[in-house]
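Given the structure is predicted, the values throughout are model-derived calculations rather than measurements. Excluded from the calculations below are hydrogen atoms, water molecules and symmetry mates; all remaining heavy atoms, backbone and side chain alike, are included.
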Amino acid sequence: GDVVMVAGTVQAINSAVAAGKMGKRALETSTYKLYILAHSITTMSERRDQNQNRKREQEGTAVYTQQQLQSITQLCHADHRYLGMMERRAFPFDLLVRSLCPSIIGHEMVKAGIVLCLLGGTTSTTADRGNQIRSNSHILIVGDPGMGKSQMLLAATQVASRSVFVGGNTASTTGLTVSLTKEAGGETGIEAGALVLADQGICCLDEFDKMAKSHQDGLLEAMEQQQISIAKAGVVASLPARCSVLAAANPKHGSYNMSKSVAENLNMATPILSRFDLVFILRDRADKYQDHMVATNIMNLHRREKSGSSTGRRDVSSSLQHNPQKRLALKDRLEWVAQFQKQPLPADLVRDYIAYAREHCKPKLSQEAAVVLKEYFMTLRHPTDGRNRRDSVPITTRQLEAMIRLSQARAKACLREYVLEEDALDIVELMTSSVEEIHKDAEGNMDRSRGGAGGKSKRKIKKAFVNEVYRIIGSGSECTEEDLRRIAVKVNCGLGDFAGMVEDIRDEGILMRTPSGGYRVVS
């Protein structure tokens with residue numbers, strides 16, 4: 001996907017001779033082919049960097065215009081105060097979130113994750129072999145139809161300096177990675193796919209659940225190693241794919257079932273889902289305030305009124321004013337900014353700001369921020385109220401590295417050189433929201449046995465429970481709810497998960513309710 005400059009001389013050759021033919025008849029062929037005898041090949045990015053360094057040394061000129069730098073500086077120092085309160089209310093990060101896809105009302109946490117994905121972290125190398133650790137974050141948005149997932153993906157492509165938008169229902173492995181083509185001269189050529197074209201940018205995959213599992217396997221290497229390796233037809237090469245993957249998917253049954261895990265709702269491979277740093281779940285629930293806000297915004301869009309009007313928004317100013325804490329929660333702060341900033345920032349300013357932050361800002365992790373992230377990681381791994389290891393959330397060091405990348409992107413939003421404690425606290429709140437959405441069941445309780453985004457929501461326990469029911473009660477026999485509870489205790493199933501498991505078994509047709517209030521085991 002890079003643009004190169006080739007220096008050489010243009011020469012002509014007989015087409016028959018070029019094909020390997022010899023003799024007088026071949027020399028009499030009147031068609032010729034032009035080719036370039038190259039002397040050097042230079043990528044334009046390297047040449048631009050060399051020219052910029054040379055100009056900075058000689059003249060000190062910048063790439064951006066004076067007007068662009070002035071707008072970026074004003075946005076970087078955005079610090080609004082509310083009713084004379086001393087703490088900061090609107091960071092540049094909050095204003096960027098407000099300006100991303102303003103036509104979609106709500107979903108502030110999802111928009112915050114997309115902005116962090118656009119900014120990216122800081123590239124670092126290991127001390128032993130010098131291998132680079134990826135700095136790009138990957139986000140998965142799972143939700144019911146009509147929640148604005150595709151609109152947010154399109155908005156991300158509009159503000160990114162380099163972006164590729166792909167539909168999952170029409171994508172293939174070669175279309176995402178690389179493909180080999182036969183040229184006219186018989187040589188083999190390499191055609192770059194979407195992930196290679198989105199190098200140092202973002203690749204948006206819509207309808208991710210419609211993609212076949214065989215085609216999803218092509219994402220494994222690109223999402224973790226940030227490269228595409230190919231070994232076909234005598235061609236062995238590795239192409240860079242240093243891009244962030246932003247995917248949106250719909251549940252396989254139309255609506256998201258909270259009694260199942262993310263992997264069961266999407267019917268996807270676990271290795272793919274485990275590579276996403278953040279997973280957001282959007283449910284179409286009946287909420288009077290939210291529905292009023294959405295309906296008002298849609299009417300204003302069709303009436304061509306200002307989309308930033310706050311008509312119908314929930315007033316959060318009183319809660320912010322009487323908040324005794326020194327730090328405001330990220331969700332409340334984003335809601336306040338949506339009310340304060342009536343009009344979003346121009347798309348050109350958001351695009352220039354993100355590009356400037358990605359190029360010139362390389363924040364490092366401070367000691368205070370490292371302590372916050374480490375304590376949160378240890379709390380999830382070893383909860384204080386947990387009796388054993390099974391009570392902990394299945395989080396690995398991959399999620400810890402994801403939090404480091406997101407905190408660096410949070411510092412990039414303010415053009416800072418170091419990650420502060422407030423950046424880490426925002427990332428902890430964002431990660432907590434994602435973890436709770438993944439592990440909550442239909443009753444709102446935390447199901448810690450789901451195994452993260454690729455978990456199985458007590459599938460083994462359910463299978464053992466069904467086997468014991470067939471063994472003890474027998475097919476075609478009737479039983480009471482107390483009998484089922486005793487079997488649940490025998491297979492170490494918590495009583496809090498008993499009702500949901502019985503309903504799942506009824507949906508599968510194993511148990512049937514009798515008129516007397518008991519259950520019948522179906523053969």
Side-chain angles (χ1 to χ4, degrees), residues 93 109-110 112-113 115-117 119-128 131-140 223-224 226 244-245 261-263 270-281 325 327 329-331 363-413 416 418-440 445-456:
F93 171 68
M109 302 298 282
V110 181
V115 171
L116 295 176
C117 184
L119 291 169
T122 303
T123 304
S124 58
T125 56
T126 57
D128 50 356
N131 298 328
Q132 285 191 355
I133 302 175
R134 70 178 176 98
S135 59
N136 298 310
S137 301
H138 308 306
I139 296 179
L140 175 63
M223 294 180 67
E224 189 62 33
Q226 299 284 277
S244 300
V245 176
S261 66
V262 179
T270 302
I272 288 289
L273 294 176
S274 63
R275 278 166 169 78
F276 287 99
D277 299 337
L278 292 174
V279 178
F280 295 101
I281 299 174
Q325 301 178 356
R327 177 188 173 275
L330 177 62
K331 185 176 181 179
K364 299 179 181 179
L365 194 65
S366 63
Q367 182 65 27
E368 294 78 7
V371 171
V372 173
L373 297 180
K374 181 180 178 181
E375 290 180 353
Y376 178 72
F377 175 75
M378 295 300 296
T379 302
L380 291 181
R381 294 278 291 184
H382 306 278
T384 56
D385 56 345
R387 292 173 295 179
N388 50 36
R389 182 65 180 84
R390 294 186 302 173
D391 295 335
S392 63
V393 174
I395 186 173
T396 61
T397 54
R398 181 173 288 177
Q399 281 72 32
L400 179 60
E401 293 179 353
M403 289 190 294
I404 296 175
R405 287 190 294 268
L406 294 173
S407 60
Q408 291 172 347
R410 175 64 179 82
K412 273 188 180 182
R416 286 198 291 260
Y418 291 94
V419 180
L420 303 183
E421 183 180 0
E422 59 188 16
D423 302 329
L425 292 175
D426 283 351
I427 298 306
V428 166
E429 183 178 350
L430 190 65
M431 184 64 71
T432 302
S433 175
S434 176
V435 169
E436 289 181 353
E437 289 179 353
I438 292 174
H439 293 86
K440 274 188 177 180
N445 302 320
M446 292 292 292
D447 183 3
R448 301 181 185 272
S449 64
R450 297 195 176 193
K456 292 300 180 184

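Taking each heavy atom of Leu400 and Leu373 in turn, the nearest pair found is CD1-O, 4.1 Å. The two residues Val419 and Pro363 come nearest to each other via the heavy atoms CG2-CB, 4.3 Å. Across Met109 and Phe280, no two heavy atoms sit closer than the pair O-CZ, 3.6 Å. Closest approach of Ala413 to Phe93, counting heavy atoms only: CB-CB, 3.6 Å.
Residue Arg416 holds its CZ atom at 5.0 Å from CD of Glu422, rounded to the nearest 0.5 Å. Within the model, atoms CD of Gln399 and OH of Tyr376 stand 10.0 Å from one another, a figure rounded to the nearest 0.5 Å. The OG1 atom of Thr122 sits 11.0 Å away from atom CD1 of Ile404, with the distance rounded to the nearest 0.5 Å. Distance check: Glu224 CD to Arg398 CZ gives 4.5 Å after rounding to the nearest 0.5 Å. Note that OG1 of Thr123 and CG of Asn136 are 7.0 Å apart. Values are rounded to the nearest 0.5 Å. Here NE2 of His138 is found 11.0 Å from OG of Ser274. Values are rounded to the nearest 0.5 Å.
Contact of the Ser137 side chain with the Leu406 side chain is registered, since non-hydrogen atoms from C-beta on lie closer than 4.5 Å.
Sequence neighbours left out, the pairs with a member in residues 402-413 that pass salt bridge (Lys or Arg N to Asp or Glu O under 4.0 Å) are Asp277-Arg405, Arg410-Asp423, Arg410-Asp426.
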- Residues Ser434, Val279; criterion side-chain contact (heavy atoms from CB on, under 4.5 Å); working and verdict: CA-CA 6 Å; Ser434 176; Val279 178; 4.3 Å; yes

